Amino acid sequence: MERVSDSVDTTAQDKAASAGLASTGTARPDIRHDWSAAEVEGLLGLPFNDLLFHAQIVHRRHFDPNRVQMSTLLSIKTGGCPEDCAYCPQSALYDTGVEAGKLMDVDAVVAQAKRAQAEGATRYCMGAAWRSPKDRELDAVCAMVEGVKALGMETCATLGMLDGPQAIRLADAGLDYYNHNLDTSEAYYGEIITTRTYRDRLDTLARVRDAGIKVCCGGIVGMGESRNDRAEMIATLACLPVHPESVPINMLVQVRDTPLHGTPELDPLEFVRTVAVARITMPRSVVRLSAGREQMSDEMQALAFLAGANSVFVGPALLTTANPARGRDAVLFAGLGLEPMEI
Ligand code: SAM
Ligand code: DTB
Ligand code: SF4
């Protein structure tokens with residue numbers, strides 16, 4: 001049977017090429033690490049249909065367009081975080097009503113992972129509200145990684161900054177992915193976080209990569225940043241020596257009593273454009289339609305999948321905020337003909 005990806009109309013491809021979309025031919029490789037922010041901003045500003053068409057071509061070259069990777073998140077240590085990330089309900093500096101909890105027991109985490117697996121998740125992501133883990137805390141997280149991995153799931157953790165030996169310990173425990181986001185552009189970063197630097201983030205990412213763990217790294221849009229900031233962030237990600245295997249694009253979830261609550265909403269189509277540009281610039285990466293789905297219409301999510309998103313969090317909760325109920329997702333995925341990506 002002819003694959004859908006082979007049947008793209010070549011006339012349309014020619015039109016896209018003449019609209020300045022480079023990668024429809026074979027002359028230029030589509031895996032590049034030399035993206036300029038100006039070039040990325042140019043992509044963001046394309047006519048919407050041209051941009052989505054281009055993203056679909058790249059997407060279909062590397063992925064089955066009807067398969068979506070499904071992860072489930074668990075907050076293994078909630079609240080009381082010393083950092084000042086202006087979007088985050090878990091910072092101890094903002095009185096958001098999120099109570100500071102203790103690190104969960106290993107057995108409870110593995111039991112919850114098993115439930116998530118039974119409900120279709122193939123990757124389990126464990127998040128902790130830490131600036132960075134203490135070595136004693138890392139012992140427990142390593143045991144969680146081992147337990148979740150023994151179920152046959154992929155493992156992911158997001159624990160804040162890591163030093164080199166900590167990254168190696170997690171790798172030895174069998175951690176598949178480490179999530180550590182750039183969050184925004186280097187220029188806008190100081191408006192959002194003051195308690196650690198952009199360089200700190202890049203250093204942790206390099207340590208994770210050096211330890212042989214796959215990198216999950218993206219950002220948040222809708223924080224009042226400019227289009228140029230979004231372009232800078234995507235260009236920084238796409239110019240890493242190896243593209244992150246997983247690129248979460250989060251829409252800011254506005255939480256009352258965080259400094260960013262009340263930020264003017266980002267145009268949903270600009271969110272979709274950001275997803276498309278992540279897809280085009282990091283063709284082999286899985287791009288996650290990450291936080292914010294609960295607040296999005298089904299139509300907006302459908303456009304994000306069309307733009308090349310091929311991963312989501314499933315299950316009713318993110319870390320401290322809501323994610324779509326399973327029933328709503330079941331209807332959406334069935335309606336769009338989307339199926340789980342095999343691991
Ligand atoms: N404390 C660790 C850290 O910051 O690296 C790990 C957990 S932290 C909650 C993981 C990521 O969640 C942040 O980097 C941010 O990108 C995302 N995040 C947190 N609050 C968010 C919100 N309100 N809306 C969207 N994304 C959010
Ligand atoms: C990521 O990029 N998004 C996730 C995950 N990595 C850890 C977190 C979203 C958190 C949304 C706010 C909350 O639920 O607390
Ligand atoms: Fe802490 Fe992470 Fe929230 Fe920042 S994003 S306040 S580091 S939990």
Side-chain angles (χ1 to χ4, degrees), residues 71-94 96-101 103 123-133 137 141 155-162 166 177-184 189 192-198 200-205 208 215-225 233 237 244 246-263 265-266 271 274-275 278 286-296 309 311-324:
S71 297
T72 289
L73 253 179
L74 177 68
S75 181
I76 58 170
K77 196 281 167 198
T78 305
C81 183
E83 301 292 279
D84 70 352
C85 311
Y87 47 77
C88 187
Q90 301 199 70
S91 167
L93 298 166
Y94 319 129
T96 61
V98 172
E99 297 285 323
L103 180 60
R123 189 180 308 164
Y124 206 60
C125 304
M126 294 159 272
W130 290 325
R131 171 179 165 83
S132 53
E137 295 164 338
V141 177
T155 52
C156 177
T158 180
L159 316 170
M161 294 184 285
L162 297 182
Q166 289 177 322
Y177 290 82
Y178 194 79
N179 167 246
H180 198 65
N181 291 333
L182 289 182
D183 279 349
T184 189
Y189 185 84
I192 305 296
I193 298 143
T194 68
T195 48
R196 64 174 117 155
T197 64
Y198 213 66
D200 288 332
R201 290 191 182 245
L202 291 165
D203 287 348
T204 290
L205 291 169
V208 167
V215 171
C216 172
C217 183
I220 310 177
V221 297
M223 298 197 295
E225 76 286 344
M233 178 183 83
L237 291 168
S246 172
V247 180
I249 305 294
N250 296 278
M251 180 70 122
L252 173 68
V253 178
Q254 296 208 10
V255 179
R256 192 166 310 173
D257 295 319
T258 57
L260 292 186
H261 185 247
T263 304
E265 300 274 339
L266 184 73
F271 176 87
T274 309
V275 169
V286 164
V287 175
R288 181 172 303 125
L289 170 53
S290 192
R293 287 204 304 121
E294 172 69 352
Q295 291 74 22
M296 290 175 197
S311 169
V312 288
F313 286 119
V314 290
L318 293 169
L319 292 173
T320 65
T321 66
N323 199 43

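Since the structure is predicted, the reported quantities are computational estimates derived from the model, not experimental observations. Read the numbers this way: they start at 1 and go in the same order the structure lists the ligands and their atoms. Heads up: numbering here begins at 1 and tracks the sequence.
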State the atoms of ligand 3, each with its element, that fall below the 4.0 Å cut-off from a heavy-atom position in Ala129. 8 (S)
Ligand 1 N/O within reach of Trp130 N/O, cut-off under 3.5 Å: yes
Would you indicate whether the side-chain heavy atoms of Val255 and Leu260 approach each other to under 4.5 Å? no
Going by a strict under-4.0 Å cutoff (protein heavy atoms only), does atom 26 (N) of ligand 1 have a neighbour on the protein? yes
With rounding to the nearest 0.5 Å, note down the distance linking CG in Leu103 to CD1 in Ile76. 5.5 Å
Which parts of the protein, at residue level, reach under 4.0 Å of ligand 2 through a heavy atom? Leu73, Pro89, Thr158, Asn179, Asn181, Pro248, Asn250, Ser290, Ala291, Phe313, Leu318, Leu319, Thr320, Thr321
For atom 1 (Fe) of ligand 3, what's the nearest protein heavy-atom neighbour? Residue, atom name and distance, please. Cys81 SG, 2.3 Å
Which ligand 3 atoms are under 4.0 Å away from a heavy-atom of Cys85? 4 (Fe), 5 (S), 6 (S), 7 (S)
Are any of the N or O atoms of Val253 closer than 3.5 Å to those of ligand 1? yes
Please check this pair: side chain of Thr195 against backbone of Asp84, looking for a donor-acceptor N/O pair closer than 3.5 Å. yes
Just let me know how Gln254 lines up against ligand 1, side chain, backbone, both or neither, with a heavy-atom cut-off below 4.0 Å. neither
Scan side-chain atoms only and decide if Asp183 and Tyr87 contain a donor-acceptor pair under the 3.5 Å cut-off. yes
Looking at side-chain heavy atoms only, is the closest gap between Val221 and Met251 below 4.5 Å? yes
Note: ligand 1 atoms sitting under 4.0 Å from heavy atoms of Gly160 are 2 (C), 5 (O)
Should you measure from each heavy atom of Glu83, which atoms of ligand 3 turn up under 4.0 Å away? 1 (Fe), 4 (Fe), 6 (S), 7 (S)
Short list, please: which atoms of ligand 1 are under 4.0 Å from a heavy atom of Met251? 25 (C)
Does Cys88 put an N, O or S atom under 2.8 Å from atom 3 (Fe) of ligand 3? yes
Please check: side-chain N/O of Gln254 versus main-chain N/O of Gly262, any donor-acceptor pairing under 3.5 Å? yes
With the side chain counted from C-beta on, respond yes when Cys125 and Thr158 share a heavy-atom pair under 4.5 Å apart, and no when they do not. no
Does any N/O atom on Leu319 come nearer than 3.5 Å to any N/O atom on ligand 1? no
Less than 4.5 Å apart, side chain to side chain, heavy atoms only: is that true for Asn181 and Asn250? yes
Before signing off on this row, confirm whether Gln90 and ligand 1 have an N or O atom pair separated by under 3.5 Å. no
So does Thr197 get a backbone contact from the side chain of Asp200, meaning a donor-acceptor N/O pair under 3.5 Å? yes
Leu159 vs Gln166 side-chain heavy atoms within contact, under 4.5 Å: no
Close approach of Arg196 to ligand 1, heavy atoms, under 4.0 angstrom: yes
I'd like to know if the side chain of Arg123 reaches the main chain of Tyr177, judged simply by a donor and an acceptor atom lying under 3.5 Å from each other, with no hydrogens or angles considered. no
Report the member of Met161, Arg196, Lys77 with the shortest heavy-atom distance to atom 2 (Fe) of ligand 3. Arg196
Which residue holds the protein heavy atom closest to atom 6 (C) of ligand 1, what is that atom called, and what is the gap in Å? Thr158 OG1, 3.1 Å
May I ask you to check whether Asn181 has an N/O atom sitting below 3.5 Å from an N/O atom of ligand 1? yes
Right, does atom 4 (O) of ligand 1 have protein non-hydrogen atoms nearer than 4.0 Å? yes
Does ligand 1 have an atom that lies less than 4.0 angstrom from a heavy atom of Ala128? yes
